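Scroll down for the structure; my scribbles are underneath it.
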Amino acid sequence: MSNQPGSSTAEEPDQPVETDPAAAPEPAAEALPAAGGAIARAPGAVVLAVLAVGWLAAMLWSTRAAITSAQAGVTAISLSAFALPGVISAALVAGAAAALAAANLLARRGVDRATLRFVVATGAGLLVGLAAAVVINLTYFDNATTNVIAGTAAAAATIGGAVAGAGNARVAGAVVTAALGALVFVVAFSRARDPLFDLFGAGDTQESLVTAAKWVSRTESLLAGLVAGLLAFAYLAWARRRAQRRDPAAGDVRWPGYLLAGAGPGLLLLLAEVVIRVGGRSLLDLAGALSEADSVAQTSLGTSRVDNGIWVLFVGALTALIAFGRTLGPSPDDAAEDDGVEAVEASADR
């Protein structure tokens, strides 16, 4: 009602409205400091970059040693095609690891722009790829095969940097750690292939050799996926503890992050296969055209690499998710319900 003349309210003076301090509005959410406000980084990215680049250098050196020790011509082409997948996988992981180290430098400077982070990460992968290409061109024989390996390795490292720069830093660090561990495991596993062939019944017949080779490949993929999943979980658990020591309010990666981290090495292997078949197509076709046996071998190896990537993807994802699930405790509602049941049982006993 308005204080009109003649109305009863016109004679009453306006009274100041008293406010309850407890009912005062809280500051806006934007003005409050966010919990865990520090920019997320991938712990140990520099160490990962050094290890991954070192692994790439080892792959380049072993490939060069195999090619230069072979006779020029047919044997060198065949060995180059066989060695190409190892070089491409190593370049992909090295580019991703270097990208994480570069992104950490931005985070230390307080830069949290996603676009800039992606550009810098891609540039870091490109630098690793260009360095690998220069090393290949300077140390390998100067021919068309060398150019294919150099160009494909440069492309793989650049793609690895772009992939690492597009996702969560901790998850990307877990993927790089797990992928590097899986690659090292596969090379170390080669020493156990001959005993496993005998264990799986490899004999003098072609059928027994094919069957044994299939089981050896599946065993290798299964164990590589197990190693990848455990390493991914271990990295994320270590990153969580490290972040919470610095800031007790720091959040953790949710379960989809663990799932992606475990599946990441398999995804990288499948991505490497795409790079191999696109960038290294001319070398694979040249090696397959040498003879009918070489053509069958290249087709079989390509199929085996795809199967290996799929096995590592699913086994790694399942392993990381199960390991994460074992760390979870009961929810607060379940704990309160259990306490209530125990209280009722205790009173009934009395």
Side-chain angles (χ1 to χ4, degrees), residues 41-64 83-107 117-118 120-136 149-150 152-189 224 227-236 238-239 260-273 275-276 309 312 316:
R41 290 182 288 180
V46 175
V47 176
L48 283 177
V50 171
L51 292 176
V53 172
W55 182 255
L56 174 60
M59 289 294 99
L60 293 177
W61 178 83
S62 62
T63 301
R64 176 187 177 278
L84 182 63
V87 173
I88 299 309
S89 300
L92 195 65
V93 175
L100 290 177
N104 275 7
L105 291 177
L106 287 180
R117 180 176 183 270
F118 176 78
V120 170
T122 305
L126 177 61
L127 289 177
V128 172
L130 291 177
V134 170
V135 170
I136 292 172
I149 297 175
T152 311
T158 305
I159 293 172
V163 170
N168 180 279
R170 292 185 191 175
V171 174
V175 171
V176 170
T177 302
L180 184 59
L183 293 178
V184 175
F185 171 80
V186 169
V187 173
F189 185 82
V227 169
L230 291 176
L231 285 176
F233 167 76
Y235 180 91
L236 286 178
W238 171 65
L260 180 59
L267 293 174
L268 283 184
L269 290 176
L270 294 176
L271 180 59
E273 185 63 23
V275 176
I276 291 167
V312 172

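The structure displayed is predicted, hence computed values, not measured ones.
- Residues Ala45 and Asn104 share a closest heavy-atom pair of CB-ND2, 3.3 Å.
- The shortest non-hydrogen separation linking Gly165 to Ala121 is CA-CB, 3.5 Å.
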Hey, mind stepping through Thr122 and Leu126 against side-chain contact (heavy atoms from CB on, under 4.5 Å) and telling me if it holds?
CA-CA 6 Å; Thr122 305; Leu126 177 61; 5.6 Å; no
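- Once rounded to the nearest 0.5 Å, the distance linking CG of Leu105 with CG of Leu100 reads 11.5 Å.
- No donor-acceptor pair under 3.5 Å is formed between the side chain of Ser89 and the backbone N or O of Gly86.
- The nearest pair of heavy atoms linking Ala90 to Met59 is CB-CG, 3.8 Å.
- The two residues Ile276 and Pro85 come nearest to each other via the heavy atoms CD1-CA, 3.4 Å.
- Between the CG atom of Leu269 and the CG atom of Leu92 there is a distance of 8.5 Å, given to the nearest 0.5 Å.
- Interatomic distance, Thr63 OG1 to Ile149 CD1, rounded to the nearest 0.5 Å: 7.0 Å.
- Residues satisfying the ring pair (Phe, Tyr, Trp, His ring centres under 6.0 Å) criterion with Trp61, sequence neighbours excluded, are absent altogether.
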Hey, mind stepping through Val163 and Leu267 against side-chain contact (heavy atoms from CB on, under 4.5 Å) and telling me if it holds?
CA-CA 11 Å; Val163 170; Leu267 293 174; over 6 Å; no
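- When all heavy atoms of Ala103 and Arg117 are compared, the closest pair comes out as CB-NE, 3.7 Å.
- The main-chain N or O of Val175 is never found under 3.5 Å from a side-chain atom of Tyr235 such that the two would form a donor-acceptor pair.
- Here the shortest heavy-atom pairing between Ala228 and Pro265 reads CB-CG, 3.8 Å.
- Between Val312 and Leu270 the shortest side-chain heavy-atom distance does not fall below 4.5 Å.
- Residues Trp55 and Leu180 are in side-chain contact: their nearest non-hydrogen atoms beyond the backbone lie under 4.5 Å apart.
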Return a table of donor-acceptor pairs under 3.5 angstrom between the side chains of residues 152-161 and protein atoms on other chains or two or more places apart.
from	atom 1	to	atom 2	distance (Å)
Thr152	OG1	Val148	O	2.7
Thr152	OG1	Gly279	O	3.4
Thr158	OG1	Ala154	O	2.9

